[in-house]
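To start, the structure under review is shown below, and the notes come after it.
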2 protein chains.
Amino acid sequence: MSGDRPRIRAAGRARGVPEATVARLPVYLRALHALADAGHNTVSSEELAVAAGVNSAKLRKDLSHLGSYGTRGVGYEVALLVDQISRALGLTQRWAVVLVGVGNLGHALAGYAGFASRGFRIAALFDADTERVGECIAGLDVRHIDDLDRVVAEEQVSIGVISTPADAAQEVADRLVEAGVTSILNFAPCVLQVPDGVDVRKVDLALELQILSFHEQRKADDAGSASGVNGSMKSAAAGTVTPLPTPRVDAREVVGR
Amino acid sequence: MSGDRPRIRAAGRARGVPEATVARLPVYLRALHALADAGHNTVSSEELAVAAGVNSAKLRKDLSHLGSYGTRGVGYEVALLVDQISRALGLTQRWAVVLVGVGNLGHALAGYAGFASRGFRIAALFDADTERVGECIAGLDVRHIDDLDRVVAEEQVSIGVISTPADAAQEVADRLVEAGVTSILNFAPCVLQVPDGVDVRKVDLALELQILSFHEQRKADDAGSASGVNGSMKSAAAGTVTPLPTPRVDAREVVGR
DNA sequence: CTATGTGAACCCATTCACAGCA
DNA sequence: TGCTGTGAATGGGTTCACATAG
């Protein structure tokens, strides 16, 4: 038993699972559910790795951090693995979450079936706009942000989702923390300041596109330098052409910082 | 000039920027825009690091991969840095993207102002459901997926966003690649198979919550083991209680794998 | 004989600490 | 003098390759 170096362990349960591993466990879980649906009772590390989009060595190393739940020469029992990963992720309980900000994105998140199906229950929706309060979205009434404290306490909420504009996000985060929330998922495009003990994860939609933009550019450059010395245009791959020399930053027109 | 080890470099432009650095450049860009709006002309690595939520050593190392654009003893000129980072990310051109799947989430993405404000133009919306085709969302008509090839070619689209249900995502990805798209942002909770040369980034909403769940559980466990030997309940922190012993996986009720 | 579990090697990223320049 | 830019040190994560168990 035990991993590489002697990571911290609690009483009986496995602990000190590396962060990179934690981030992949939900992917394995998804793949396992799909395999179970397809009627598989057991699965090899190779099969599961393919289904999860990683290599098998990484998968085995990841699983080894949870314990030894495989059978040498055979593979893993699907149901058992689902059980163990769910347990490791804390999904044996159904977490209550509150969502703040029911604009464009908040609406979609409130109606996202994936939350319910993967261990989460939206306890309440909030907004600061009194126009929106009272509106019913996905079976939930939108409440005013001032009710946050009460709901978080009553429903034992520990996770908050922020889908407000960027300029309101910090204020909302402060209120969530004040109310007792200790984990925040932030969809607003800004950095949040929170006290120790509070976890924040961010999802930035445009940021992901910007990363893709980098790689697109790289591909276009490669294609360009393959033929002409510095292929000024011509093989600009699939990108919107117009390679503007130095357009000065007058970009960023609308909305969020 | 040049980084630590001699990473690959092209003609004159900086290359071989580490992936971890690339992922942070958009964050720096956001912070710089905010600083510019606040009237700052120059900024020190320390100030910018705080605004971006990283430490200053990491920031400087990251920027060093783009070249030497700071002034020792002074700091960085905000406008110049914005320019250089934009250039490095390939944001001197405005990329055209197509969005496939105008359900709950697709709707929200189509209306997301952050795309337009950060260098991207939604060229078209697509759906397979003929009921939806023709609908107008955020000023764009929803087109049928069969028109994908034409639009991608005509508008020189190289980036596609998938916001379909999981069971349709692979099919859509295949079509996007077939049409000539070489970068995909996938919101569907599944692993996509794509040929070499195509980049995929994924955003999984529930996955992020599951990661937070892990850390919540850890905090709850810590709080529990602080007092009683194995505090069976009582100090279950803020989480929805009910620590179920071995609930057998009957979870996952609705929707996507 | 097969596929897991894991030490060891390797590689990438972060952090430190200071040389070098305005 | 102050802050950038960067070698060197450290640490985490990935991959390799094989001992081990069924």
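Per chain, numbering begins at 1; letters A, B, ... match sequence-line order. Values reported hereafter were calculated over all heavy atoms of this structure, with side chains retained and with hydrogens, waters and symmetry mates removed.
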Measure [atom1]/[X] against [atom2]/[N] and give the value in whole Å, please.
X: L81(B); N: dG5(D); atom1: CG; atom2: P; result: 9 Å
X: K58(A); N: dG13(D); atom1: NZ; atom2: C1'; result: 8 Å
X: E19(A); N: dG12(D); atom1: CD; atom2: P; result: 12 Å
X: L63(A); N: dT4(C); atom1: CG; atom2: P; result: 9 Å
X: Y76(A); N: dT2(C); atom1: OH; atom2: P; result: 18 Å
X: R60(A); N: dT4(C); atom1: CZ; atom2: P; result: 6 Å
X: N55(B); N: dA13(C); atom1: CG; atom2: C1'; result: 12 Å
X: Q84(B); N: dG5(D); atom1: CD; atom2: P; result: 12 Å

Between [X] and [Y], does at least one N-O distance fall below 4.0 Å, as a salt bridge requires?
X: D62(A); Y: K58(A); answer: no
X: R218(A); Y: D199(B); answer: no
X: E216(A); Y: K219(A); answer: yes

Discussion item. Any donor-acceptor pair, under 3.5 Å, between the side chain of R72(A) and the base of dT20(D), if you only look at N and O atoms?
Written reply: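 Yes.
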